[in-house]
Amino acid sequence: MMEKNAKIYVAGHRGMVGSAILRELERQGYGNIITRTHQQLNLCSQQAVEDFFAEEKPEYVFLAAAKVGGIMANDSALADFMYDNMMLEMNVIHSAWKYGCRKLEFLGSSCIYPRLAPQPMKESCLLTGELEKTNEAYALAKISGLKYCEFLNRQYGTDFISVMPTNLYGPNDNYHPTHSHVLPALIRRFHEAKEQGLPHVTCWGDGSALREFLYVDDLAELCVFLMNHYSGNETVNGGTGKELSVRELARIVAEVIGYEGEIRWDASKPNGTPRKLLDVSKARALGWQYHTELEEGIRLAYDDFLHNPMRAER
């Protein structure tokens, strides 16, 4: 168990996941939390990261920093996604080991699993098949971080763990018109269509892809829970165990926002992985359960979009 006064470093504290972990730590009474902005600490710089760990010597690390984006961003910047993510995660994990961090938790993504993995996807299906090409670079980087944690555990006896969340959404999401993930992209698109009185909205793909969504504050609770209650080389999936089609998701988002126009689909655009449902029985067996149902979470996310104009402008 982390002591309430333990020195905890949250890497990526201004992003959606990192800020949720920060909120959860503060809610649970942890008061010695270290953060650095990108301007204060470039995690892609090995020397800067080493200097930071040598000076601060955090006891616990939540590695939530990452270069992230949706299908278009991933597919158009493969090299950037691979380089930036591998550099920052390797720098942080290596320095955490080198400077005696007691425990580190690495945040991955469900895209690490094979494109056509048996559904729902168990943690054990990692590296059993080909990855989805549109986010292969990001997935390879995340697999490397997960495996580096495992190999440090095996070689040096560290206590480094990883958690693999499903598709996330919630406060501090990225609502960029082309570089965001599907749910925040739909929120922005339907909001703007409603504001402009557009008769129809065109969405990418044919809407048949199945997706699972987890509210980010539920993930944050899982992250702190695992830091206190789990040790092991195998990752832990974080999700709801429920899925729906992107077509159904679009309908729900439109209803929450109040858009009453027609929803069209552009089948010339990629669908991505056909299905991505996580098996969350391991997390449940450990004692964790999600709380926020999808429609409630979308309402909370839309409220965040409306009251955080800088998010809407990204």
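Numbering of residues begins at 1 and proceeds along the displayed sequence.
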Handout entry: Nearest-0.5 Å distance, CD of residue Gln40 to CG of residue Asn42
Key = 12.5 Å

Handout entry: Main-chain N/O of Ala220 paired with Glu24 side-chain donor or acceptor, under 3.5 Å
Key = no

Handout entry: CD (Glu130) with more than 12 external heavy atoms under 6.0 Å
Key = no

Exercise for the section: Would you please test Phe106 and Tyr148 for ring pair (Phe, Tyr, Trp, His ring centres under 6.0 Å) and show each step? Expected result: CA-CA 10 Å; Phe106 173 65; Tyr148 188 43; 9.9 Å; no

Problem - Carboxylate-amine/guanidinium contact Glu296 Arg299, below 4.0 Å - result: no

Handout entry: Side chain to side chain, Leu249 and Arg211, heavy atoms closer than 4.5 Å
Key = no

Fill in the blank from the handout: For residues 250-259, the salt bridge (Lys or Arg N to Asp or Glu O under 4.0 Å) pairs (sequence neighbours left out) are Glu248-Arg251, Arg251-Glu255

Problem - Hydrophobic cluster identity match, Val10 and Leu41, side-chain contacts under 4.5 Å - result: no

Handout entry: Close side-chain approach of Val253 to Ile298, heavy-atom, < 4.5 Å
Key = yes

Exercise for the section: Using a 4.5 Å cut-off on heavy atoms from C-beta on, say whether the side chain of Pro274 contacts that of Leu116. Expected result: yes

Practice task
For the pair Asn5 (side chain) and Asn32 (backbone), establish whether a donor and an acceptor sit closer than 3.5 Å, ignoring hydrogens and angles.
Solution key: no

Exercise for the section: State whether Lys282 and Glu234 are salt-bridged, where the test is any N-O pair (Lys NZ or Arg NE/NH1/NH2 against Asp/Glu carboxylate O) under 4.0 Å. Expected result: yes

Handout entry: In one Ile/Leu/Val/Met/Phe/Trp/Tyr side-chain cluster, 4.5 Å: Leu63, Met164
Key = yes

Problem - Any donor-acceptor N/O pair, Gln196 side chain to Leu198 backbone, under 3.5 Å - result: no

Practice task
Could you pull out the closest heavy-atom pair between Ala193 and Tyr259, with the gap in Å?
Solution key: CB-CE1, 3.6 Å

Practice task
For side chain to side chain contact (heavy atoms under 4.5 Å, CB included), just list the numbers for Leu306 and His191, CA-CA rounded to whole Å, side-chain angles, deciding distance to a tenth of an Å, and then say yes or no.
Solution key: CA-CA 9 Å; Leu306 292 175; His191 170 79; 3.5 Å; yes

Handout entry: Val163 and Ile161, any side-chain heavy atoms less than 4.5 Å apart
Key = no

Problem - Donor-acceptor contact present, side-chain Asn237 to main-chain Asp279, <3.5 Å - result: yes

Exercise for the section: Over all heavy atoms of both residues, which pair between Ala65 and Leu88 is shortest? Give the atoms and the distance, please. Expected result: O-CD1, 3.3 Å

Handout entry: Beyond-backbone contact of Leu152 with Ile93, side-chain heavy atoms, under 4.5 angstrom
Key = yes

Practice task
Without swapping roles, check the side chain of Lys7 against the backbone of Glu56 for a donor-acceptor pair under 3.5 Å.
Solution key: yes

Problem - Glu26/Arg23 salt bridge by N-O under 4.0 Å criterion - result: no

Practice task
Please check if the side chain of Lys194 supplies one atom and the backbone of Ile257 the other of a donor-acceptor pair under 3.5 Å.
Solution key: yes

Practice task
Could you tell me whether Arg275 and Glu243 have a side-chain N and a carboxylate O separated by less than 4.0 Å?
Solution key: yes

Handout entry: Min side-chain heavy-atom separation Glu221-His291 under 4.5 Å
Key = yes

Exercise for the section: Go through the steps for Leu146 and Leu126 under the test side chain to side chain contact (heavy atoms under 4.5 Å, CB included), then give the verdict. Expected result: CA-CA 11 Å; Leu146 182 160; Leu126 181 66; 4.0 Å; yes

Practice task
Would you give the length of the straight line joining atom CD of Glu3 to atom OH of Tyr30, rounded to the nearest 0.5 angstrom?
Solution key: 8.5 Å

Practice task
Check for a donor-acceptor pair, side chain of Thr235 on one end and backbone N or O of Ser162 on the other, with a separation under 3.5 Å.
Solution key: yes

Problem - Pairs satisfying ring-ring contact (aromatic ring centres under 6.0 Å, His included), at least one member in residues 212-232, at least two apart - result: Tyr169-Tyr215, Phe225-His229

Handout entry: Nearest atoms (heavy-atom pairs only) where Lys142 meets Ile112
Key = CB-CG2, 3.7 Å

Handout entry: Carboxylate-amine/guanidinium proximity below 4.0 Å for Arg102 and Glu59
Key = yes

Exercise for the section: Please report the shortest heavy-atom distance between Trp97 and Thr158, naming the atom on each side. Expected result: CD1-CG2, 3.6 Å

Problem - Verify same cluster id: Leu278, Leu222 (apolar side-chain graph, 4.5 Å) - result: no

Completion exercise
Between the CG atom in Leu78 and the CE atom in Met82, the distance rounded to the nearest 0.5 Å is 10.0 Å

Fill in the blank from the handout: Separation between CG (Leu183) and OH (Tyr175), nearest 0.5 Å, reads 8.5 Å

Completion exercise
Rounding to 0.5 Å, atoms NZ (Lys98) and NZ (Lys57) come to a distance of 11.0 Å

Completion exercise
Residues joined to Tyr83 in its hydrophobic cluster, side chain to side chain under 4.5 Å directly or through other members, sorted by chain and number, are Met87

Handout entry: Worked check of side chain to side chain contact (heavy atoms under 4.5 Å, CB included) between Met90 and Ser144
Key = CA-CA 8 Å; Met90 289 296 169; Ser144 297; 3.8 Å; yes

Handout entry: Val92/Phe53 under side chain to side chain contact (heavy atoms under 4.5 Å, CB included): CA gap, chis, key distance, verdict
Key = CA-CA 9 Å; Val92 172; Phe53 272 84; 4.0 Å; yes

Practice task
Examine Leu107 and Leu214 and state if one hydrophobic cluster contains both, with Ile, Leu, Val, Met, Phe, Trp and Tyr joined whenever side-chain heavy atoms are less than 4.5 Å apart.
Solution key: yes

Problem - Close side-chain approach of Ile8 and Leu25, heavy atoms under 4.5 Å - result: yes

Handout entry: Donor on one side chain, acceptor on other, Ser231 and Asp159, under 3.5 Å
Key = yes

Handout entry: Flag, side chain of Gln119 to backbone of Leu277, donor-acceptor distance under 3.5 Å
Key = yes

Practice task
Specify the closest pair of heavy atoms between Cys111 and Leu131, including all atoms of both residues, with the distance to one decimal.
Solution key: O-CD2, 3.9 Å

Practice task
Determine whether the side chains of Asn172 and Asp304 contain a donor N or O and an acceptor N or O closer than 3.5 Å.
Solution key: no

Practice task
Please check if the side chain of Glu212 supplies one atom and the backbone of Gly241 the other of a donor-acceptor pair under 3.5 Å.
Solution key: yes

Exercise for the section: Please say whether the positively charged group of Lys67, taken as NZ for Lys or CZ for Arg, lies over the ring of Phe81, i.e. under 6.0 angstrom from the six-membered ring centre and within 45 degrees of the axis. Expected result: yes

Fill in the blank from the handout: In this structure, CD of Gln46 is separated from CG of Asp51 (nearest 0.5 Å) by 10.5 Å

Handout entry: Donor-acceptor contact present, side-chain Arg284 to main-chain Gln289, <3.5 Å
Key = no

Problem - Joint cluster assignment, Met121 & Leu127, ILVMFWY side-chain distance < 4.5 Å - result: yes

Fill in the blank from the handout: Taking every heavy atom of Val216 against every heavy atom of Val17, the minimum-distance pair comes out as CG2-CA, 3.8 Å

Handout entry: Validation row: Met227, Lys103 side chains within 4.5 angstrom (heavy atoms)
Key = yes

